[in-house]
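To start, the structure under review is shown below, and the notes come after it.
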Amino acid sequence: MIRVLLADDQTVVRAGFRALLELTDDLVVVAEAADGVRAVELTRGTRPDVVLMDIRMPRADGLEATRRIVADRSLDAVRVLVLTTYEADAYVFEALRAGAAGFLLKDIDPDDLRAAIRTVAAGQSLLAPAVTRRVIEEFSRLKAPGTRARQRLDPLTDREREVLALVGRGLSNDEIGQRLIMSPLTAKTHVSRVMTKLGARDRAQLVVAAYETGLVRPGEN
């Protein structure tokens with residue numbers, strides 16, 4: 001069973017998501033929270049596989065709640081999916097920086113919602129590379145990379161920088177392997193090494209890092 005925690009300040013929204021998720025045999029809602037502080041408390045208490053986190057909530061918003069969950073090493077196995085009404089949302093960008101595994105629009109199709117949760121629970125964090133990249137591009141335009149940001153790339157080999165750039169452009173391991181003439185398994189190994197060296201939690205954070213360090217620039221293909 002995939003255990004899910006719902007965090008949204010609207011009771012009717014939580015009820016709707018619960019009803020959708022519990023129509024399946026492999027998804028179960030273990031807790032509901034109406035604010036960010038409670039979401040963190042319940043995450044620590046129930047250890048769900050996935051948290052569906054609304055951005056705008058009282059006491060602590062979804063961004064702050066995501067930061068607290070990601071910073072808690074005892075919750076390393078928990079994945080946060082941010083819920084938003086608009087994909088071009090600065091809070092979404094910040095949530096990805098904070099360590100969210102990805103984001104979903106609130107009007108998502110029920111089948112796509114269930115598939116997204118299963119995907120994240122299986123460890124595949126970047127749900128929609130093209131959309132996520134578009135969000136990151138939008139807000140990377142606002143800030144040029146500084147020296148400190150570029151220095152994050154110092155531990156990487158030339159090959160690892162190539163791999164990071166391709167992850168930043170939204171390519172899968174299979175596509176990276178084809179581009180660099182290596183097997184998907186070798187590509188996956190390189191991606192894992194880059195994540196370790198940069199202290200990234202998942203591929204979403206690698207995409208953010210690729211843009212923030214200037215390795216990939218908005219508008220590049």
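All heavy atoms count here, side chains included; hydrogens, waters and symmetry mates do not.
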Ion pair [X]/[Y], N-O distance below 4.0 Å:
X      : Y      : result
Arg193 : Glu160 : no
Asp9   : Arg56  : no
Asp8   : Lys106 : yes
Asp49  : Arg79  : no

Flag for Ser183-Thr186: side-chain donor and acceptor within less than 3.5 Å: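 Thr186 vs Ser183: donor-acceptor pair found between side chains.
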Side chains of Ser172 and Asp174, donor plus acceptor under 3.5 Å: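 Result is no, nothing qualifies.
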ILVMFWY network linking Val163 to Leu171, side-chain heavy atoms under 4.5 angstrom: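 Looking at the clustering, Leu171 is in the same group as Val163.
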Single-linkage hydrophobic cluster, 4.5 Å side-chain cutoff, Leu75 and Val80 together: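 Shared cluster, yes.
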side-chain contact (heavy atoms from CB on, under 4.5 Å) between Val29 and Arg3, worked out: CA-CA 6 Å; Val29 175; Arg3 306 170 74 251; over 6 Å; no
Quick one: does [X]'s side chain get under 4.5 Å of [Y]'s, heavy atoms only?
X      : Y      : answer
Met195 : Leu198 : no
Arg59  : Arg38  : yes
Leu83  : Ile55  : no
Leu52  : Val82  : no

Distance-minimising heavy-atom pair for Thr66 and Met53: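 Taking every non-hydrogen atom into account, OG1-CG, 4.0 Å.
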Asp54/Val13 under side-chain contact (heavy atoms from CB on, under 4.5 Å): CA gap, chis, key distance, verdict: CA-CA 10 Å; Asp54 187 29; Val13 172; over 6 Å; no
Interatomic distance, Glu22 atom CD to Thr24 atom OG1 [nearest 0.5 angstrom]: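 Rounded to the nearest 0.5 Å, the CD-OG1 separation comes out at 8.5 Å.
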Criterion salt bridge (Lys or Arg N to Asp or Glu O under 4.0 Å) on Glu64 and Arg68, from CA distance to verdict: CA-CA 6 Å; Glu64 178 58 29; Arg68 294 180 190 178; 3.0 Å; yes
Flag yes if more than 12 heavy atoms outside [X] fall under 6.0 Å of its [atom1] atom; otherwise flag no.
X      : atom1 : result
Leu23  : CG    : yes
Asp25  : CG    : no
Asp158 : CG    : no

Donor-acceptor under 3.5 Å (Glu212 side chain, Ala209 main chain):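 Judged by distance alone, no pair lies under 3.5 Å.
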Expected output: side-chain Lys197 to main-chain Pro155 donor-acceptor under 3.5 Å: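 The answer is yes, because a donor-acceptor pair under 3.5 Å joins these two groups.
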Working for side-chain contact (heavy atoms from CB on, under 4.5 Å), residues Val51 and Leu81: CA-CA 6 Å; Val51 178; Leu81 274 175; over 6 Å; no
Chi angles and distances behind the side-chain contact (heavy atoms from CB on, under 4.5 Å) call for Leu113, Leu104: CA-CA 8 Å; Leu113 170 65; Leu104 301 172; 3.7 Å; yes
Pro48: which of Val4, Thr43, Leu6 passes side chain to side chain contact (heavy atoms under 4.5 Å, CB included):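 Testing Pro48 for a side chain to side chain contact (heavy atoms under 4.5 Å, CB included) against Val4, Thr43, Leu6 leaves exactly one candidate, Thr43.
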